[in-house]
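Accompanying notes for the structure given below.
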Amino acid sequence: MNYHWDWGVFFKSTGIGHEIYLDWFITGLGWTVAVAMVAWVIALILGSVLGVMRTLPNKTLSGVAGGYVALFRNVPLLVQLFLWYFLVPDFLPESLQVWFKQDLKPATSAYISVVVCLGLFTAARVCEQVRTGIEALPKGQSNAAYAMGFTLPQVYRHVLLPQAFRIIIPPMTSEFLNVFKNSSVASLIGLMELLAQTKQTAEFSANLFEAFTLATVIYFVLNMSLMKLMGWVENRVRVPGLIGSTGK
Amino acid sequence: MTAMIQLSNVSKWYGDFQVLTDCTTQVAKGEVVVVCGPSGSGKSTLIKCVNALEPFQKGTILVDGVSVGDPKTDLPKLRSRVGMVFQHFELFPHLSITDNLTIAQMKVLGRSREEANDKGLKYLDRVGLKAHAAKFPGQLSGGQQQRVAIARALAMDPIAMLFDEPTSALDPEMINEVLDVMTGLAHEGMTMMCVTHEMGFARRVADRVIFMDRGHIVEDCAKEEFFGAPRGERAQQFLSKILQH
């Protein structure tokens, strides 16, 4: 291949203000992290509530949570994003529509759409992890808790959830990383996160390979660090004497 | 004697399948009753009806005069007064032994941490495991875990104890350490209902023996009578099989 690699491109001026291309990547990484973290908080809270609902004896509550999962898991993420960004605002009350479409900066309305979309999408997946974690526990555990006089909320709070969340740390790590990777769909509604900045750099500088190589490295290092962080968390909450624990 | 636990015509169905049929018996205050019978005879189901871990569709169960099946009954309160020990111990694996002993005392009975600790450790000492207070359940043997489970139940100051096959998941050499604790408890006058296959324990400790078969209580008599000459053919067969070794 007769390509002249030019790694110095990232320090060249973009021609816009005093920015160099590296600044674009840093801004992009900032948006990526901002999208993923807020979406993850939504997913974790909503998904945990839904996951608990799915295991409750109450048929209505578990049915509602089951319906939610079916809806959000069976429609592609990108389709959901377009619905949230292009369609849902049209159904808002008049004043909110004006606010969302005219008063907000384009980046802010795109940000809100993608955070809501990714948060609700991932919540369905977190819900299934939490449900699986709870159902993996022996029935005797809740029986023992009830037998000592615990109420249903106490059984979940003190006995089921502390164990279920420990069990599901590995699959939850995958979901956590997925939020960061999935946040790249935001580039398709004009939010200048990491992937959008990469494409822009490629177009402006014509250094396509360098731009995408750097983006790949940034995504990889970011996710690798998160994986290490979750591994550390898993170690911290490890219970002595339980299956899968190496501690003494 | 007043009945601490009174079962009257209790029947239970899983769908169309009847698992308990017209079960009537009682456990008097301070009495030790052993429930035995072949597997699938409904003994575990019966004992779980007593503290409403299993619902039943017909009949009444009174625990210290409180109706278990009454929808108005405060079940958590009733359950907190009845201790239960399970076949698979069911200690909470994510909590230390001390926390296992204190959590229900604090969350259900509202005791202070200090009071709960004192009480928990007193009973842990009683079952001979005080040195293990800081460990986790997974670090103890089965027999030790079951003794902790008994201490955990006793720390709630129960008016009666239910045992659901407390030794059937244990290695043979660990069965006696658990039975010894149960025997001590019986001698102190604890009201006990024990589902168990340990006929030696029944012979030594029980006041009465109930024999169940296919959801019916077919024998309910003093232990001397039961081991002397059980009336029914089914009970005779069961005893001859189980006492052979």
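For the numbers below, each heavy atom of this structure counts, side chains included, while hydrogens, waters and symmetry mates do not. Naming convention: chains lettered A, B, ... in sequence-line order (proteins, then strands); numbering from 1 in each chain.
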* To do: Find the one option among B/Gly83, B/Pro93, B/Pro137 whose heavy-atom pairs under 4.5 Å with chain A are most numerous.
  => B/Pro93
* Answer yes or no: are there more than 12 heavy-atom neighbours, outside B/Lys77 itself, under 6.0 Å from its atom NZ? => no
* Asked: For B/Arg81, does the CZ atom sit with more than 12 other heavy atoms under 6.0 Å from it, leaving out its own atoms?
  -> no
* Report the distance from atom CZ of B/Phe136 to atom CZ of A/Arg238, rounding to the nearest 0.5 Å. => 13.5 Å
* Interchain contact, B/Lys135 with chain A, by part (heavy-atom threshold 4.5 Å) -> neither
* Structure fact -> Given B/Val85, B/Leu53, B/Val82, B/Leu78, the one with more heavy-atom pairs under 4.5 angstrom with chain A than any other is B/Leu53
* Side chain, backbone, both or neither: which part of B/Phe86 has a heavy atom under 4.5 Å from chain A? -> side chain
* Please test B/Glu90 against A/Asn143 for side chain to side chain contact (heavy atoms under 4.5 Å, CB included), starting from the C-alpha separation and ending with a verdict. => CA-CA 9 Å; B/Glu90 305 303 351; A/Asn143 265 348; over 6 Å; no
* **B/Tyr14 atom OH: more than 12 heavy-atom contacts under 6.0 Å** => yes
* To do: Would you mind telling me which of B/Gln105, B/Arg152, B/His88, B/Gln87 has the largest number of heavy-atom pairs within less than 4.5 Å of chain A?
  => B/Arg152
* To do: Measure the spacing between OH of A/Tyr146 and CZ of B/Arg79 and express it to the nearest 0.5 Å.
  => 7.5 Å
* Return yes when atom CD of B/Glu114 has more than 12 non-hydrogen atoms of other residues, nucleotides or ligands closer than 6.0 Å, and no otherwise. => no
* To do: Answer with side chain, backbone, both or neither: which region of B/His94 has an atom nearer than 4.5 Å to a non-hydrogen atom of chain A?
  => both
* Donor-acceptor pair, side chain of A/Gln154 and main chain of B/Lys107, under 3.5 angstrom -> yes
* Closest heavy-atom contact between B/Pro76 and A/Thr151? -> CG-CG2, 4.0 Å
* **Shortest non-hydrogen contact from A/Ala147 toward B/Asn51** => CB-ND2, 3.8 Å
* Side chain, backbone, both or neither: which part of B/Leu162 has a heavy atom under 4.5 Å from chain A? -> neither
* Nearest 0.5 Å, what's the CE-CE distance between A/Met148 and B/Met84? -> 12.5 Å
